[in-house]
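Worksheet: one structure, shown below.
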Amino acid sequence: MGGSAPRRAGHLPVETTSFVDRRGEQAAGRELLSRARLVTLTGPGGVGKTRLAARIAARAERTFPDGVRFVHLAGLRDPELVPLAVADALGLHDHSAGPPTDALVAHVRDHKVLLVLDNCEHLLRACARLAAALLSGTTGVRVLATSRHRLGLTEENLLDVRPLPVPDPDGDLSAADGYPALALFADRAAAVVPGFALTAGNRAAVARLCRRLDGLPLAIELAAVRMRVLGVEQLLERLDDRYRLLTSGSPAALARHRTLRAAVDWSHELCSAREQLVWARLSVPAGGFDLETAEAVCADGDLVHGADVLDTIAGLVDKSVLSREPGPDGVRYRLLDTLRHYGLERLRGTAGEELATRRRHRDWMLRRATACEQAWFGPGQREIVARLRADQDNLRAALDFSLRGSGGPALASGPGEAFEAGAPGTASAMAVSREGVPPTPADALAGLRLAGTLWFYWHACGAPREGRYWAERALEANPEPTSERARGLWVAGLLAGCPEDLTRGLRRAEEARELARGLGDAAEAAHAEYVIGVIRLFADDLTAALAHFEAGVARGPVPGQHLSLVGLDQVELACALGFLGHADRAVEVCEKTLRLCEEHGEEWVRSYALRMLALAHTVKQDWVRAEQFAREALRLKLAVNDLIGLALTLDLTARIATERTAHERAAVLLGGADRAWAAVDQGRWGSGALNSLRRDTESRAGRALGATAFSAAYDRGASLTLAELVAHALQEPGPPDVTPPAPDRPRVRLTPREAQVAELVAEGLANQQIADRLVIARRTAEGHVERILSKLGFHTRTQIATWVTAQR
C-alpha cells in the first residue's frame, strides 16, 4: 500500500508509512509458505502485492536460518539479467563461464533461504525458469513471487491479493473504523491535513469514496492526497464526474482497472503542464534517481530548464506522484511502477520525445560513470561504490537502450498495458516499447563507451559476470576499429578471470593491444598489457609474468593510462617477485605503490599493495609485520566490498596464523575464506601458487589441531559474516546482531529508524547532519546513535560504519 523505500539489493524494503491491516492475507501467505515452496501473490497493479510480500517475508524470517532475500525486478527488462539480479541479492559474485542459473543453484543447494521475486509479470518465462531450477536443484529454498500473472509452474500456489474491503456507505457504519480501506484513507489524509480523523459526519462520504475506488490502495492514496485542497464530498463529486467519462472504455477491462486508470488520469490532470511533462520524462529513469539525474533527463533548454526541475519535483512529491527516499548522496526519488507506465504512455504521445529523453538519460549516465572513473583513484571510492550501486538499474537502462539492436530480446509494452492486470506480455517500468526508437551507430558506440568506462566497477565491486555480459554485447554491436572497441576488448578479457575463460580472456586482451597499437592509442595498449600479464600470472607462467610486468613498470605510465592500472602493474610485479622468492624487491615495489596511493588518498589498489607486503614478509618469515599488513589490507577490502581481495587476504592471514601457532584461529579464517570464495565462484580460481599456499595452511592447521577440533573451528568460521570474519582476523568484537542467537537469547535487530540512522552514520554524517537530513532534533539523533551502539555492542561510529558496509 505504498510507502516502502527499497533498500540495497537483497534486503527487505524499509516501511516508511504505516501498513494497514491485511492480517488475513498475511496469515494465508505464511500458511502457504509453510507447506509450499513456490507461492505467488497475484492481483492488479496498485493493490499492494509488494508491500504484502515484504510483510509476509519479515514475519517468516526466523524460519529461514540462511536469511530472506528481496529481489526488485521492476527495473529489469532483459530476461538474462534475472539470475544476475538474484545472484546480487544472494551475495554471489560469480566468475564462472557456465550458465548463471547453475551457479545460483550450486550456491544455495544446501541453504534454507526465502527468495522474494518482486514484479515478475514482464519477465514471466525467465522467472519461471529460475524458480523451476531452484525448486528442482535445492531442498531448502522457497520462492515468494509477486506478479500480475501467474508463473505457470505446477508447483505454484497462488494467493489472490484483493482490494481492501469497504463497508456499505448506506449501512451501519458504527464499526467502520475497523475497515482497512477507510483506515488507509484516514491515515494518508491525516498526513496532509493534520488532525483529520474518521467521524460520524464523514464516515459515509469516505466509505462511498473508497467504494468508488474499489478499495484499491494506490487509488485510495492518490485520492487522499487531494485532501490538501479539497474536502471528502468534493473529492467524491469530482471522482464521480471522472468515472462517468470512462463509460465508453473497453468493456473487456475490469471495473477496478478502469477505476485505477481514472484515478491516475485525475491525478495527472491536477498537475501543471510542466509537472505533467516532467512526470512523463521521469518515466525513463529506472528504479530510483537523484535530483541531478532528474535535471539531466528533464531539462531540454526549451520547455523545461534546469532551474525549473527542483520546484517541479517538489510539486510531484506533494501530489504523491513521486516518492522520496534516502540515498547514498542524499535524497532520491522514485515513481511507482503504475505511474511510470502512465508517464511512459504520455511520453510516447509526442513524436520524438521518448527518443530524446532516453538519449539525455543515457548521456547523463555516461557522464556520471566517466566522472566516477576519473575520481576512482582517489579518496572517494566508498562513496563511488554506493552511488553506482544505487544507480545500477539506471546504468542497465542506459546500456540496454544503446545496445538494443545487439542481442537481448525486446519486451514490448503497448499503451495502457500497465492497467491491464494479468495480461500476457505486461511490461514493467523498464520494459518499454522499442517501436519508434530505431538504433543508430552513435547510440551503439555510446553503449560501448559506457560499458568500458565502468570497468573498475565491474572488476572491483563484485559484478564481473554482468560486466562481461554488457562488454560482449557492446563489442558485438560495434565491430568497427575504434579506441572504444579496444577498451571493450581488454575489459572483456579482464572480466574473464576464471580458469575456463583464460584462453578467451587472453585472446580478447591481445586483440585489444593490437587494435590500440594500430590506432596509436598508447593508453589502451598499456591497459591491455596489464590484462595480458594478469592472465599469465593466473596461468602460473610466473617467469613470463615477471618479465612482462618488469617491462611495463620500467616503461612507466603513458599519457591517459588510468592510475589504478599503473598501481596494479606494480602490485602484480610484486606478486610475481614474491612467488619467485625475491621478497626484498617485492617490498621495494609495494612501498613505491603505497606512496602513489597515499598521494591520491586511494584505498583499493592500496589494499592490494598491503596484501603483497604481507606476502613478501611471509616469504621473509617476518610474521609480525606480515600480520600487520594483512590486517590493514582486510580493513580496506571490507570497506569497498572487494570479495576476491577479502578471500585472498583471509587465506594469507590464516597462513600467518599457523606460523604464529594460532592454529585454531587459522582454521576459523580458512572456513571464512572458503565462504568468501563461495560467494565469488563455485570453486577457487587463480594461480596454482595461490592455491598451494592455501592447501599448505590447511594441512598445517589440521595436523596441529586434529580432525575434530579443526572441523569445529572451520565450521565456526564458515558461519560468520564478512564483517565478523574481518573482526575475528583483526581480533576485534564482531556485531552481535549477525551472530546466530543462543537458544535463550533473541537475535538483536535495529528498528527501521535505527537502520536509517546507521546508514547515515556509515555515510560519515555527524549527529547534527543526521538530524537535519531526517528533520528530527539533534538530541533525538544522538539517542538513536547511542541505542545502535548499545544494541550492537559497539563503542565507536567506525564500527557501525563497518557493520553497515558488511550488511550492504
Side-chain angles (χ1 to χ4, degrees), residues 2-3 46 188-189 191-193 209 213 218-246 259-285 288-325 331-358 360-361 364 415-416 418-419 429:
R188 302 304 189 257
V192 296
V193 181
L209 178 67
L213 295 171
L218 176 59
I220 291 171
E221 291 183 341
L222 289 171
V225 77
R226 303 277 76 80
M227 287 289 291
R228 186 187 296 273
V229 292
L230 298 172
V232 179
E233 293 289 354
Q234 292 171 298
L235 281 171
L236 186 58
E237 180 182 352
R238 290 172 63 86
L239 193 59
D240 283 341
D241 289 340
R242 184 60 56 205
Y243 285 172
R244 281 196 286 272
L245 295 176
L246 295 174
T259 299
L260 178 59
R261 178 59 182 264
V264 180
D265 275 336
W266 175 42
S267 186
H268 184 264
E269 290 183 16
L270 288 175
C271 293
S272 68
R274 182 178 292 152
E275 287 172 342
Q276 292 175 351
L277 181 57
V278 168
W279 177 350
R281 290 177 176 176
L282 288 178
S283 66
V284 166
F289 52 87
D290 56 19
L291 179 60
E292 286 182 308
T293 300
E295 290 171 336
V297 169
C298 296
D300 58 4
D302 181 17
L303 298 176
V304 180
H305 295 275
D308 301 327
V309 176
L310 176 58
D311 288 342
T312 309
I313 283 182
L316 291 173
V317 170
D318 279 345
K319 294 177 174 64
S320 292
V321 174
L322 285 177
S323 61
R324 182 180 181 272
E325 62 190 43
V331 175
R332 289 175 71 86
Y333 305 94
R334 184 177 295 270
L335 265 175
L336 292 178
D337 191 40
T338 301
L339 302 185
R340 188 189 305 279
H341 277 285
Y342 185 93
L344 187 59
E345 179 184 338
R346 293 283 175 172
L347 191 69
R348 293 175 185 154
T350 303
E353 216 0 64
E354 182 183 1
L355 178 59
T357 305
R358 289 196 178 279
R360 285 196 299 272
H361 176 255
W364 166 248
F419 305 96

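Heavy-atom basis, side chains included; hydrogens, waters and symmetry copies ignored. Quantities reported herein were computed from a predicted structural model and do not represent experimental measurements.
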Quick check for you: to the nearest 0.5 Å, what is the distance between T357 atom OG1 and L282 atom CG? 9.5 Å
Distance-only check: which donor-acceptor pairs under 3.5 Å involve side-chain atoms of residues 304-318, not counting sequence neighbours?
{"residue": "D308", "atom": "OD2", "partner": "H305", "partner atom": "N", "Å": "3.1"}
{"residue": "T312", "atom": "OG1", "partner": "D308", "partner atom": "O", "Å": "2.7"}

List the steps and the verdict of side-chain contact (heavy atoms from CB on, under 4.5 Å) for L322 and F289. CA-CA 11 Å; L322 285 177; F289 52 87; 3.8 Å; yes
Roughly how far, to the nearest 0.5 Å, is the CG atom of L335 from the CG atom of L344? 10.5 Å
If we ignore hydrogens and angles and just use 3.5 Å, is the side chain of R332 paired with the main-chain N or O of G288 as donor and acceptor? yes
Taken to the nearest 0.5 Å, the spacing of S267 OG from Q276 CD works out to 10.0 Å
Supply the atom-to-atom distance L277 CG to L347 CG, rounded to the nearest 0.5 angstrom. 8.0 Å
A223 and L213 have their tightest heavy-atom pair at CB-CD1, 3.7 Å
Within the distance-only criterion (no hydrogens, no angle test), does the side chain of E275 pair as donor or acceptor with the backbone N or O of S272 below 3.5 angstrom? yes
Taking E345 for the side chain and Y342 for the main chain, is one N or O donor matched with an acceptor at less than 3.5 Å? no
Rounded at 0.5 Å granularity, tell me how far CG in L209 sits from CD1 in I220. 8.0 Å
The reported gap from CZ in R281 to CZ in R360 (rounded to nearest 0.5 angstrom) is 4.5 Å
Any idea which heavy atoms bring H268 and W279 closest together, and the distance? CA-CZ3, 3.5 Å
Nearest heavy atoms of D290 and Y333, plus distance in Å: C-CD1, 4.5 Å
Under 4.0 Å between a Lys/Arg side-chain N and an Asp/Glu carboxylate O for R346 and E353? no
Shortest non-hydrogen pair, G343 vs S283, comes out as C-OG, 3.6 Å
Taking the side chain as every heavy atom from C-beta outward, state whether W364 and E292 have any atom pair closer than 4.5 Å. yes
Verdict with supporting geometry, K319 and R228, side-chain contact (heavy atoms from CB on, under 4.5 Å): CA-CA 9 Å; K319 294 177 174 64; R228 186 187 296 273; over 6 Å; no
Electrostatic pair R334:E325 at N-O distance under 4.0 angstrom: yes
